[in-house]
2 protein chains.
Amino acid sequence: MSAEIDESARRRPTRAEAKARTRRLLLDAAARVFARKGFAGASVEEIAESAGFSIGALYSHFGGKEALFLALMAERGLGRVAEATHTLERHGAGTGETAAELGRLLVHTADEDTDFAPLQAEFWLYAVRNPHVLDTMATALREPHQALEGLIGSWLAERGAPPEVGAASVASVVAALFQGLVRQRRIAPDSVPEELFGQALIWLFTGIGRGAAATTADQD
Amino acid sequence: MSAEIDESARRRPTRAEAKARTRRLLLDAAARVFARKGFAGASVEEIAESAGFSIGALYSHFGGKEALFLALMAERGLGRVAEATHTLERHGAGTGETAAELGRLLVHTADEDTDFAPLQAEFWLYAVRNPHVLDTMATALREPHQALEGLIGSWLAERGAPPEVGAASVASVVAALFQGLVRQRRIAPDSVPEELFGQALIWLFTGIGRGAAATTADQD
DNA sequence: GTCTATACAGGGATAGAC
DNA sequence: GTCTATCCCTGTATAGAC
């Protein structure tokens with residue numbers, strides 16, 4: 001995990017580096033504990049101990065429990081979603097290969113990165129309950145959402161989609177679908193097989209490509 | 001809300017009726033408070049007072065905070081989703097009219113029934129964190145999910161979808177999409193316009209009807 | 001910067017009166 | 001059945017030592 005740190009830095013960490021390391025370890029621990037116990041259910045003691053420090057260190061770096069939570073939200077708003085989007089850029093649109101890739105992404109998020117979805121849910125709940133952090137949340141979401149939007153814009157162009165179809169709307173649909181399926185898989189895995197996400201996107205993009213218009217009745 | 005109770009019952013409520021009424025009021029209050037404060041953040045005192053009773057009454061009807069929460073989960077697992085599905089049965093598949101109806105359903109759920117989504121999130125988090133209630137949650141979900149599945153089965157048949165397309169999978173996709181869009185709308189309303197849910201379903205069903213197969217590459 | 005010790009508040013649960 | 005009073009644990013936050 002810290003293999004990238006070069007030798008000199010490892011031998012003589014400066015105070016600033018040590019401080020930054022403590023901060024990072026506290027944030028990692030906070031992500032784990034908040035995901036597993038929730039914001040209200042988590043105690044600062046458990047977070048500090050899980051990071052290998054004491055309560056005092058936590059209060060020194062962050063003002064308290066809420067400040068720590070908000071810092072986490074700002075720094076890791078959407079986890080590794082940016083990377084995932086980048087991965088997808090290597091592929092075309094709606095092919096079987098992309099679908100398989102997306103299936104693996106969903107399975108990994110739901111079954112292996114088990115802290116991701118609960119932490120996202122905690123962030124969402126906190127934002128909904130505290131209107132003054134709604135903006136923070138919306139801001140954290142904007143960047144990855146726009147990355148997805150750009151990617152989808154290319155896909156739409158490749159497939160010759162009608163110009164009325166906005167990439168932003170399609171991006172919202174894709175993101176909603178992903179989050180919804182991940183959560184559903186956690187409580188009823190059988191109802192969300194690995195291929196479903198990719199399959200749904202194929203359906204979606206096929207439908208868009210075939211010019212199903214907004215207010216138009218079906219063509220039967 | 002209690003307009004259906006006949007006159008005689010209103011004049012002389014038996015002890016059993018009074019008890020049932022207290023229980024219902026406590027459950028209503030619990031739904032409100034749990035939605036607004038979360039499971040850990042809610043206090044039994046606030047729930048009891050919000051219902052117009054004291055802590056003692058709550059402990060008499062339910063064993064405690066957790067038992068109350070679980071009772072709520074079992075009784076209202078998915079809120080008014082069953083009714084919503086029933087509403088949709090009055091319409092055909094993928095028409096502009098149905099789309100408009102679905103848009104209104106989403107807007108109502110996101111903007112007006114403001115306690116719904118947070119309460120669902122609390123249920124989900126609790127189930128994910130306490131494996132022994134995962135079954136309870138899955139069970140509460142099965143019935144409405146099957147209703148949706150039946151509805152979608154008819155739609156698929158009407159539109160002449162390929163037989164490989166399973167109604168269960170499509171139902172998962174539709175449910176995931178709905179939940180995802182509702183949550184997204186709460187933090188960034190502009191990114192989820194009223195028509196989006198209906199529009200997405202039109203895309204989806206058009207794609208399915210045009211025979212976009214699972215592992216088949218696109219037909220360009 | 002990080003630790004230990006402590007003050008202080010909040011809330012879950014129970015006992016007994018009515 | 002419902003209420004009031006109380007016990008006791010947990011957890012946040014702070015103060016001062018090193």
Self-check item: Per B:Tyr59 side chain, nearest of listed nucleotides C:dG12, D:dG1, D:dA13
Solution: C:dG12
Practice problem: To the nearest Å, give me how far apart CD (A:Glu17) and C1' (C:dG1) are. | Solution: 16 Å
Quiz item: Within a radius of less than 6.0 Å around CD of B:Glu143, do more than 12 heavy atoms belonging to other residues, nucleotides or ligands occur?
Solution: no
Practice problem: Determine the contact category for B:Ser60: base if any of its heavy atoms lies under 4.0 Å from a base atom, sugar-phosphate if only primed atoms, P, OP1 or OP2 are that close, otherwise nothing. | Solution: base
Self-check item: Pair B:Arg36 + B:Glu46, salt bridge at N-O below 4.0 Å
Solution: no
Quiz item: Across the strands shown, which category fits B:Ala16 at heavy-atom distances under 4.0 angstrom: base, sugar-phosphate, nothing?
Solution: nothing
Quiz prompt | Rounded interatomic separation in angstrom, taking NZ from B:Lys65 and C1' from C:dG10 | solution = 11 Å
Quiz prompt | Between P of C:dA15 and CD1 of B:Ile55, the distance in whole Å | solution = 15 Å
Quiz item: If we only count heavy atoms from C-beta on, is the A:Asp115 to A:Phe34 side-chain gap below 4.5 Å?
Solution: no
Exercise. Report the distance from atom CD of A:Glu45 to atom C1' of C:dT6, rounded to the nearest whole Å.
Key: 13 Å
Quiz item: Atom CZ of A:Arg21 and atom C1' of C:dG1: how far apart are they, to the nearest Å?
Solution: 13 Å
Self-check item: Rounded distance (nearest 0.5 Å) linking atom CD of B:Gln184 with atom CG of B:Leu106
Solution: 11.0 Å
Quiz prompt | Residue whose closest nucleotide on DNA chain D lies nearer the 5' end, A:Gly41 versus A:Gly63 | solution = A:Gly41
Quiz prompt | A:Lys19 side chain, from C-beta outward: closest of C:dG12, C:dG1, D:dT12 | solution = C:dG1
Quiz item: Atom CG of A:Leu58 and atom P of C:dT4: how far apart are they, to the nearest Å?
Solution: 14 Å
Practice problem: Look at the side chain of B:Ser54 and decide which nucleotide, out of C:dC3, D:dT2, D:dC3, has an atom nearest to it. | Solution: D:dC3
Quiz item: Is the shortest side-chain N to carboxylate O distance from A:Arg142 to A:Asp135 below 4.0 Å?
Solution: no
Quiz prompt | Euclidean distance, atom CZ of residue B:Phe62 to atom P of D:dT2 [Å, nearest integer] | solution = 11 Å
Quiz prompt | Phosphate OP1/OP2 of C:dT2: any A:Thr22 side-chain N/O under 4.0 Å | solution = yes
Quiz item: How long is the line joining CZ of B:Arg24 and P of D:dG1, in whole Å?
Solution: 17 Å
